[in-house]
Amino acid sequence: MKESTETLNFIEQIIEEDLAKGLPKEKLRFRFPPEPNGYLHIGHAASICLNFGLGEKYNAPVNLRFDDTNPAKEEQEYVDAIKRDIAWLGFKWANECYSSDYFQQLYDWAVQLIKEGKAYVDQQSSEQIAEQKGTPTTPGKPSPFRDRPVAESLELFEKMKNGEFPAGSYLLRAKIDMASPNMHMRDPILYRIINAPHHRTGSDWCIYPMYDWAHGESDYIEQVSHSLCTLEFKLHRELYDWYLDQIYDPSLLRPKQREFARRNLSYTVMSKRKLLELVQKKVVAGWNDPRMPTISGLRRRGYTPESIRKFSDLSGISKRDNVTDVSLLEYCIREDLNKTATRVMAVLDPVKVVLTNYPEDKVEMLSMENNPEDPNSGTHEVPFSKELYIEREDFKEEANKKFFRLSLGNEVRLKSAYIIKADSVIKDEAGNITEIHCTVDLNSKSGSGTEASLRKVKGTLHWVSIAHAITAEVREYDRLFLDEAPDAHEDKNFMEFINPDSLNIIKKAYLEPYLAQATLDDKYQFQRLGYFTLDTDSKEEKLIFNKTVGLKDSWAKQNTAAQQPKQPDVQQNQGKRSPLNEIQQLSKKLTNLPEEKLANAKASILKLAEEVSYEEIEPLFNTAAKKVGTRIGVMLVLGVLLKNGQEKTEAAQEFINAGLNDDHEMLKAEAAAIQ
RNA sequence: UGACCUAUGGUGUAACUGGCAACACGUCUGAUUUUGGUUCAGAAGAGUCUAGGUUCGAGCCCUAGUAGGUCAACCA
């Protein structure tokens with residue numbers, strides 16, 4: 001038996017440690033805690049897959065808990081959408097929970113806190129409270145109501161609950177530490193008054209608990225062992241633990257909060273607020289627009305649950321900021337669809353082909369494989385006749401040898417049909433090709449096994465019989481933003497990077513008739529074009545297909561590369577290092593580089609050296625002797641400085657002398673060059 | 001000018017807790033192919049932010065820097 005060498009992410013390691021320390025495996029319990037104020041997106045999928053994945057791995061229950069403590073923002077519509085998305089991803093929650101289910105318990109605990117002198121009712125404005133709170137670098141001041149007698153707080157809290165005060169007039173605050181370096185510990189708010197109907201509790205409550213108070217205690221009530229959230233809650237952990245300390249019964253399990261980095265995807269944004277802005281400003285058609293990174297958008301676009309789970313799996317979990325390239329997501333969906341999608345033919349930009357030697361009225365039904373990757377997928381029939389459409393870009397009158405498609409005098413195969421040869425073209429007055437006249441080799445029928453059919457030809461084209469084709473609208477999508485990280489610019493708003501061409505609608509595409517029976521669940525590969533699925537806007541009399549993702553296209557890549565031979569290197573958009581820093585990085589490799597690269601590295605160092613001052617490099621003179629690369633780099637910089645008129649100090653001379661006496665040839669040489 | 005977190009090929013993650021850096025995507029070759037897809041074979045690309053230290057030995061530990069992120073909502 002092979003020992004499983006599967007590596008654990010840091011969350012799994014924490015769990016394993018807890019298990020090793022004696023936590024019984026049966027006590028493991030997780031939760032996914034969305035706030036029902038928006039749709040789930042691919043970033044949430046990371047959290048969903050983490051929590052539910054852990055549940056599957058350890059055979060532990062995972063609750064779906066709606067964090068619904070703010071009636072002003074939350075709606076039933078979102079609850080329904082969230083449940084739909086999680087179920088679609090293929091996960092089953094143990095219990096459907098709501099923080100609002102615990103309002104009474106939370107209230108009782110709050111009363112207990114007041115009685116113990118650990119909470120008090122405040123009645124200042126939010127401005128006053130904010131001012132007293134201080135700043136991260138200066139301590140706060142206590143509220144004048146901080147030492148209000150317990151009985152008075154109790155009475156006021158009771159009145160708050162009974163709706164005797166207007167919204168915003170009173171608050172319940174925990175009494176912790178106004179001087180804590182952690183702002184969250186400076187007497188955080190436990191309850192505020194909100195006069196809005198709650199989607200579940202209606203008007204039962206006028207006071208609502210804040211996140212920190214509700215979340216940790218909900219974890220505790222549900223006996224969640226590991227409460228996993230994103231990094232921005234790291235500073236909340238101290239408060240999470242403080243609240244737990246106040247009510248914790250040692251005979252019960254104590255939840256543990258741990259934080260991981262949220263997942264970002266390149267060329268899109270991932271915050272609910274920003275996605276909502278795209279919806280509200282009508283940049284997209286809605287939360288489930290196929291260009292949106294929402295689960296519902298991806299679903300409509302044609303992504304499968306498997307592909308999204310695979311993506312989460314490959315992306316991993318860690319604690320550093322990240323921007324995962326969309327190409328990984330695209331890889332995941334292609335990989336899935338390649339194995340499962342039915343192959344069909346569709347022509348999006350047609351040009352007419354006439355087979356001059358094919359009988360006028362003849363129609364053949366040809367057989368086409370549904371999926372060459374799956375031997376059991378069967379075949380379907382596709383009609384063939386004298387007049388066809390092929391893709392306009394699949395023909396050129398004259399072509400070089402790199403063009404594998406149809407051109408005058410050359411042969412090409414029609415997928416699952418015959419080999420044809422282009423003889424002539426007909427053009428309109430503007431010079432546009434309107435018809436391509438070809439002769440067909442009638443002995444070359446696909447699958448006939450004849451010698452002619454086995455002939456090797458350079459290219460294979462997809463096609464559609466004009467007389468039999470059905471039409472449909474096809475929607476092609478491109479990235480929503482032109483910038484890799486549209487919301488990572490301090491000086492620019494993410495909306496400035498919107499791609500104006502993210503949607504391309506082809507009003508009339510021609511499809512093989514088999515597609516007339518397509519359903520919303522079907523996934524197709526339009527051969528040589530990409531993966532497509534029916535859009536929800538589609539109607540029986542008007543089919544609409546979404547392009548999920550294109551096939552990899554090394555031909556297109558080759559072409560664009562040829563068009564723009566030298567693309568300026570647009571990388572290095574973050575972490576602008578200082579020249580000295582870059583020099584140090586370059587230097588350390590110096591001793592390991594092959595010659596050509598060595599010359600380049602040296603040249604770069606010499607150039608960067610112009611921007612470095614003597615004061616900056618002097619400390620580097622006592623670089624450890626074994627770090628030869630760095631010493632060489634420093635020597636090079638020193639050379640430049642001396643040449644530019646820098647006085648040769650004692651320290652510099654010493655450094656040069658040390659270099660001269662070094663064993664390393666390169667260092668010795670560079671020292672000799674400037675001594 | 002405080003606290004906390006983070007730093008490994010272009011990108012995302014690994015490295016059995018100290019033994020000279022692995023996997024995936026992407027990129028580039030070549031083969032196969034009735035999809036310029038798939039598949040297969042291969043290549044290039046990082047000495048792990050910098051400096052010092054501990055150690056026989058450091059990506060992992062310590063110190064100091066640097067860079068990025070988070071925190072001052074009656075949001076979650």
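Sequence lines set the chain letters: A, B, ... in the order given, protein chains first and strands last, and positions in each chain run from 1.
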OP1 or OP2 of [N] less than 4.0 angstrom from a side-chain nitrogen or oxygen of [X], does that happen here?
| X | N | result |
| --- | --- | --- |
| A/Arg192 | B/C75 | yes |
| A/Lys319 | B/U6 | yes |
| A/Arg528 | B/G36 | yes |
| A/Tyr331 | B/C25 | yes |
| A/Arg320 | B/U8 | yes |
| A/Thr7 | B/C23 | no |
| A/Asn322 | B/U11 | no |
| A/Lys456 | B/U33 | yes |
| A/Ser554 | B/G37 | yes |
| A/Gln13 | B/A15 | yes |
| A/Ser315 | B/U13 | no |
| A/Lys557 | B/U27 | yes |

Considering every strand and a 4.0 Å limit on heavy-atom distances, what is the contact class for [X]: base, sugar-phosphate, or nothing?
| X | value |
| --- | --- |
| A/Ser318 | sugar-phosphate |
| A/Phe404 | base |
| A/Arg405 | base |
| A/Gly447 | base |
| A/Gln525 | base |
| A/Arg263 | sugar-phosphate |
| A/Lys415 | base |
| A/Gln124 | base |
| A/His236 | base |
| A/Asn182 | nothing |
| A/Glu35 | sugar-phosphate |
| A/Phe233 | base |
| A/Pro34 | nothing |
| A/Val323 | sugar-phosphate |

Task: Spacing of the P atoms in B/U13 and B/U6 (rounded, Å) - done: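 These two P atoms come out 14 Å apart once rounded.
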Open item on the list: Give me the distance, rounded to whole Å, that separates B/G65 from B/G2 when you measure between the P atoms they each carry.
Closed with: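 Per the computed distance, 10 Å lies between those P atoms.
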TODO: Measure the spacing between CG of A/Asn322 and OG of A/Ser315 and express it to the nearest 0.5 Å.
DONE: 8.0 Å
TODO: Validate the cation-pi geometry between A/Lys396 and A/Phe403: distance from NZ or CZ to the six-membered ring centre under 6.0 Å, angle to the ring axis within 45°.
DONE: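 Judged by the rule, A/Lys396 and A/Phe403 form a cation-pi pair.
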Task: Geometric cation-pi criterion A/Lys161 and A/Tyr107, 6.0 Å radius, 45° cone - done: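 The answer is yes; both the distance and angle limits are met.
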Open item on the list: Could you check B/U27 for me: syn (within 90° of 0) or anti?
Closed with: anti
TODO: Mind telling me if B/G65 is syn or anti? Syn here is a glycosidic angle within 90° of 0.
DONE: anti
TODO: Using the six-membered ring wherever Trp is involved, compare the ring planes of A/Tyr98 and A/Phe66 and label them parallel, tilted or perpendicular (cut-offs 30° and 60°).
DONE: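 Plane angle under 30°, so parallel.
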Open item on the list: side chain to side chain donor-acceptor pair (under 3.5 Å) for A/Gln124 and A/Ser143? Distances and angles first, verdict last.
Closed with: CA-CA 8 Å; A/Gln124 303 179 92; A/Ser143 159; 3.0 Å; yes
Task: Pair of N/O donor and acceptor under 3.5 Å linking B/G37 base with A/Glu373 side chain - done: yes
Task: Side chain to side chain, A/Thr342 and A/Asn371, heavy atoms closer than 4.5 Å - done: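 A/Thr342 does not reach A/Asn371 side chain to side chain.
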